Amino acid sequence: MDKSNVWMRASLAIVAAALPLLEAGCLCPPCPVGAGATTASTNTGGAATSAAAATPTADRLVIWDGDKVGAGQSWADCGKKDLKCKSTLAKAAGQGFNGSAGMKWHAEGPDWMGGGWNWFGWWPMDSGTNIRGYGSLTFEVKVDAKTPDLAPDGDALAIALRCGNSKIKACNTASVPLHRYVADFADGQWHKAVIPMADLISGEGAQFDPSTAWEFDLNEWSGPPRDFTVYVDDIAMEK
């Protein structure tokens with residue numbers, strides 16, 4: 001066969017294969033998952049895997065649900081190790097809202113205790129989910145205490161988001177008290193918390209970069225010892 005014909009057929013085949021990608025808005029595979037999404041490498045504790053970091057395209061953007069959207073890594077710590085404080089946070093099967101997988105943070109002791117979940121596993125640097133255009137952070141939450149007097153006090157249990165923009169020294173929102181949005185948060189029942197982004201990015205949260213959101217944090221401080229567990233599920237952004 002004439003070499004020019006072989007070249008022509010190969011070129012036509014390449015063009016035919018590329019047309020669907022061009023129509024989808026990407027020039028080379030793999031295309032991002034979902035409308036308006038970008039891909040990022042996510043560290044899940046072992047080998048790096050590819051995860052979608054969605055951009056605002058709908059009225060509700062799921063950040064973490066422990067099931068379909070549940071990658072990442074956790075951290076937990078406490079301040080009074082000399083008094084044998086405890087703080088652990090991990091994904092827990094069957095402990096989420098409606099029996100799904102959920103986030104479980106257990107804390108024991110006085111003083112400061114905290115934990116968080118980074119749905120990118122802190123890698124690569126400057127990764128993050130673009131949450132611009134969303135008005136509220138929402139999630140399901142349940143707080144169980146060993147006894148009522150060991151539950152967190154009003155303003156003691158707080159929520160914050162962190163971002164992955166390495167150019168910002170402290171890339172986090174303000175920490176806001178959970179009871180401001182869920183008055184009866186410590187009754188052992190599930191509640192939906194709706195926190196306006198305006199509250200999170202005011203004051204010390206003004207430098208937060210909403211285009212690189214990548215971590216959900218909890219923290220608590222108390223003088224007397226506490227002993228409680230916080231369950232979190234279905235973390236999302238809503239307009």
Side-chain angles (χ1 to χ4, degrees), residues 43-46 63-64 66 70-97 100-123 137 139-164 169-191 193 195 199-200 203-205 208 213-235:
N43 188 333
T44 58
I63 292 176
W64 192 92
Q73 286 185 325
S74 65
W75 69 270
D77 202 359
C78 54
K80 292 292 185 179
K81 294 182 177 62
D82 57 327
L83 297 178
K84 298 182 179 180
C85 65
K86 294 180 181 178
S87 180
T88 60
L89 192 151
K91 179 178 174 179
Q95 298 298 308
F97 185 63
S100 63
M103 191 183 299
K104 179 181 179 181
W105 175 44
H106 180 69
E108 294 180 32
D111 204 76
W112 175 85
M113 298 179 284
W117 188 278
N118 187 302
W119 55 91
F120 280 86
W122 300 287
W123 188 259
L137 166 69
F139 54 92
E140 298 289 342
V141 61
K142 180 175 73 168
V143 179
D144 283 336
K146 193 170 184 179
T147 61
D149 61 316
L150 292 177
D153 284 333
D155 289 342
L157 179 59
I159 308 296
L161 292 177
R162 294 187 182 274
C163 55
K169 186 175 181 180
C171 197
N172 55 269
T173 67
S175 289
V176 296
L178 179 60
H179 91 103
R180 185 185 299 174
Y181 312 96
V182 182
D184 49 353
F185 72 91
D187 65 358
Q189 303 298 314
W190 282 101
H191 300 275
I195 302 178
D199 294 354
L200 290 165
E204 66 179 16
F208 177 75
W214 71 348
E215 185 173 318
F216 178 93
D217 284 355
L218 307 102
N219 65 85
E220 189 269 354
W221 189 94
S222 176
R226 303 294 173 180
D227 189 338
F228 61 88
T229 302
V230 180
Y231 301 90
V232 176
D233 200 5
D234 295 346
I235 305 171

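Being a predicted model, the structure only gives us computed values, none of them experimental. We use all heavy atoms of the structure for the numbers below, so side chains are in, but hydrogens, waters and symmetry mates are not.
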Q.
I'd like to know whether Tyr231 forms a side chain to side chain contact (heavy atoms under 4.5 Å, CB included) with Asp233, so could you lay out the CA-CA distance, the side-chain angles of the two residues, the decisive distance to 0.1 Å, and finally the verdict.
A. CA-CA 7 Å; Tyr231 301 90; Asp233 200 5; over 6 Å; no

Q.
Apply side chain to side chain contact (heavy atoms under 4.5 Å, CB included) to residues Trp117 and Val232 and explain how you reach the verdict.
A. CA-CA 10 Å; Trp117 188 278; Val232 176; over 6 Å; no

Q: Start with the C-alpha distance between Asp153 and Arg226, add both sets of side-chain angles, then the distance that settles side chain to side chain contact (heavy atoms under 4.5 Å, CB included), and finish with yes or no.
A: CA-CA 9 Å; Asp153 284 333; Arg226 303 294 173 180; 2.7 Å; yes

Q: Check step by step if side chain to side chain contact (heavy atoms under 4.5 Å, CB included) holds for Leu218 and Leu89.
A: CA-CA 10 Å; Leu218 307 102; Leu89 192 151; 3.9 Å; yes

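Contact of the Trp105 side chain with the Thr88 side chain is not registered, since no non-hydrogen atoms from C-beta on lie closer than 4.5 Å. A heavy-atom distance below 4.5 Å is not found between the side chains of Asn118 and Gln73. Looking at heavy atoms from C-beta onward, His179 lies out of side-chain contact with Leu157 at the 4.5 angstrom threshold. Looking at heavy atoms from C-beta onward, Leu137 lies in side-chain contact with Ile235 at the 4.5 angstrom threshold. Leu83 has its side chain within reach of Pro110: a pair of non-hydrogen atoms, C-beta onward, lies under 4.5 Å apart. Residues Glu220 and Phe228 form a side-chain contact, since some pair of their non-hydrogen atoms from C-beta on lies under 4.5 Å apart. At least one side-chain heavy atom of Trp221 sits less than 4.5 Å from a side-chain heavy atom of Asp111.
In the displayed structure, Lys86 atom NZ is contacted under 6.0 Å by at most 12 heavy atoms of other residues, nucleotides or ligands.
The side-chain contact (heavy atoms from CB on, under 4.5 Å) test with Leu200 singles out one residue from Ile159, Ile195, Asn172, and that residue is Ile195.
Aromatic ring orientation, Phe97 versus Trp190: perpendicular (interplanar angle above 60°, classes split at 30° and 60°).
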